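So the structure is just underneath, and the comments pick up after that.
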Amino acid sequence: MSSLRIATQLQRKSFRPGEEVSGAIGWTLDKQPKSAEVRLFWYTAGKGTRDVGVVATQKFEAPQANDERSFSFRLPESPYSFSGTLISLIWAIELVVEPGGLSERLEITVSPTGEEIVLGKDALHRPANNAAA
Amino acid sequence: MRPRDNPFRSACIERVHYRFPENLSWRHLIQHLQQLGNRAALVGPEGSGKTTLLEELHERISDLGYRGRLLRAQPGLLSHIHAQPITKIEFLFLDSAERLTWIEWQQFKWAVRGAAGLVITAHRPGWLPTLLECRTTPELFEQIVSELIGGDLRDFTPATLRELFVAHRGNIRAALRGLYDLVGGANSYTLPTLSSKAQRRANCSRSWFGATK
């Protein structure tokens, strides 16, 4: 049976923009895969069309059937993880192994506070000078 | 509720499979398609599942030894076909054929005459022989809602769902988007209004599932 694993260092799930995200990935497969790569990306979920932005990809040379590797990405300054009325923006790290398109995903939070920004009704209607205060 | 947790977000709606009416199945659909010479149309109003069924048929066509190609009726369609000529093992699936003008449709048919098959979606019959008429019912809408929220319908009375279904004229996609707003707490959401004639027509929809033509 196939299994894929992703773990960030110290099991961290929230990060600040510009920070480094590192950790380990692993897989146990019946056969040696042709390729394995880990991606850092964000996507939107909610009403309407989904949007995706792949920020970085790391490929692993000569992957074995049972393997473990380390990865490291530098997060960009934006976008932040947030939820509004229509969409949420979600950051994730994904391991993809071919053939078969096997994948595993780990969601993380990227924001200056370390928490997802929630755009409530009040936040949306607050005047800009008050919001900055 | 955050959009990412909303059970009616687009990612969840896209995972809903097409539900065949009673007495119909994939086997019947494929048989009927072959009887029609592999040239046929999925017909039905907006939000009745035509595109969902077309995409699922596209995924299954390789089981019959064909290579499927999914096309959207949009500007540049003919140039796309000329750039990647059709081969004899290709089975084409064209979504929203009615977006093509009559001339474009004739040019398209000529350009793809060598393909193994062609299935299109359209709102009205007449483009190609009808393979299946896609219809919706309040019961079908209720089943889909139940699937999306994990079987627990206690937050939605049948009357609420029926009202939503009728208000959206049986367009399940639009009704599910309406539920997204209701669940998400959007203040701006109001049910669309219908003329009394349309209301009567929508309320008489128990037998909307049509048989194949």
Side-chain angles (χ1 to χ4, degrees), chain A residues 6 13-15 17 39-55 75 78-94 96 98-126, chain B residues 1-16 46-47 51-52 54-56 58-60 62-63 67-68 70 72-74 95-96 99 141 144-145 147-150 156 164 167-168 171-192:
Chain A
I6 306 177
K13 291 277 186 74
S14 64
F15 298 86
R39 300 165 185 163
L40 171 69
F41 70 106
W42 56 262
Y43 65 98
T44 59
K47 199 177 180 181
T49 316
R50 282 177 291 171
D51 205 359
V52 181
V54 179
V55 172
L75 285 164
S78 63
Y80 300 160
S81 302
F82 79 90
S83 276
T85 309
L86 293 178
I87 59 159
S88 293
L89 187 142
I90 301 152
W91 276 92
I93 298 163
E94 185 177 56
V96 182
E98 299 286 0
L102 297 170
S103 69
E104 177 71 17
R105 194 173 67 192
L106 176 74
E107 289 184 5
I108 59 171
T109 304
V110 180
S111 87
T113 61
E115 286 180 11
E116 180 188 49
I117 309 235
V118 179
L119 300 175
K121 202 171 55 175
D122 294 342
L124 284 172
H125 295 290
R126 195 183 304 149
Chain B
M1 182 184 282
R2 297 181 306 176
R4 62 191 295 175
D5 304 321
N6 194 314
F8 304 104
R9 62 189 184 274
S10 47
C12 296
I13 293 174
E14 285 163 18
R15 280 200 291 268
V16 173
E46 228 177 297
T51 302
T52 304
L54 187 82
E55 288 173 352
E56 289 180 22
H58 167 247
E59 282 170 21
R60 285 172 177 259
S62 59
D63 297 344
R67 192 189 304 149
L70 191 60
R72 309 276 176 202
Q74 56 194 17
D95 196 19
S96 307
R99 286 188 192 161
F141 179 51
I144 291 172
V145 171
E147 180 191 318
L148 286 168
I149 61 176
F156 306 102
L164 206 63
H168 288 283
N171 179 337
I172 286 191
R173 194 191 309 114
L176 290 172
R177 284 183 184 150
L179 278 175
Y180 174 95
D181 290 337
L182 283 176
V183 169
N187 294 333
S188 59
Y189 182 74
T190 49
L191 287 172

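In this text, all values refer to a predicted model and were calculated from it rather than measured experimentally. We name chains A, B, ... by the order of the sequence lines, and we start the count at 1 in each one.
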Item to check | Contact leader toward chain B among Thr44(A), Leu86(A), Thr49(A), where contacts are heavy-atom pairs under 4.5 Å | outcome: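 That would be Leu86(A).
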Next on the checklist: Nearest 0.5 angstrom please: Asn6(B) CG to Lys47(A) NZ, how far?
Outcome noted: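 Nearest 0.5 Å value for the CG-NZ distance: 9.5 Å.
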Item to check | Rounded distance (nearest 0.5 Å) linking atom OG of Ser81(A) with atom CZ of Arg4(B) | outcome: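 Answer for the OG-CZ pair, Ser81(A) versus Arg4(B), is 7.5 Å.
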Checklist entry - Heavy-atom distance under 4.5 Å to chain B: side chain of Ile90(A), backbone, both or neither? => result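 Only the side chain of Ile90(A) comes within 4.5 Å of chain B.
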Item to check | side chain to side chain contact (heavy atoms under 4.5 Å, CB included) evaluation trace for Arg50(A) with Glu14(B) | outcome: CA-CA 11 Å; Arg50(A) 282 177 291 171; Glu14(B) 285 163 18; 2.4 Å; yes
Checklist entry - Has the side chain of Ser10(B) got a donor or acceptor atom that lies under 3.5 Å from a matching backbone atom of Gly48(A)? => result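 Looks like yes, one N/O pair under 3.5 Å.
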Item to check | Glu46(B), CD: over 12 other non-hydrogen atoms inside 6.0 angstrom | outcome: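 Atom CD in Glu46(B) is not packed in, count stays at 12 or less.
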Item to check | Neighbour count >12 (heavy atoms, 6.0 Å) for atom CD, Glu115(A) | outcome: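 Open.
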Checklist entry - What parts of residues 99-109 of chain A touch chain B if we use heavy atoms and a cut-off under 4.5 Å? => result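 Within residues 99-109 of chain A, near chain B: Glu107(A).
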Checklist entry - Can you list the residues that meet the side chain to side chain donor-acceptor pair (under 3.5 Å) rule with Asp95(B), with sequence neighbours excluded? => result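 Testing Asp95(B) for side chain to side chain donor-acceptor pair (under 3.5 Å), a comparison that skips the adjacent residues, returns Thr51(B), Arg72(B), Thr121(B).
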Item to check | Gly46(A) versus Pro3(B), closest heavy-atom pair with distance | outcome: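 Scanning both residues, the minimum pair turns out to be CA-CB, 3.9 Å.
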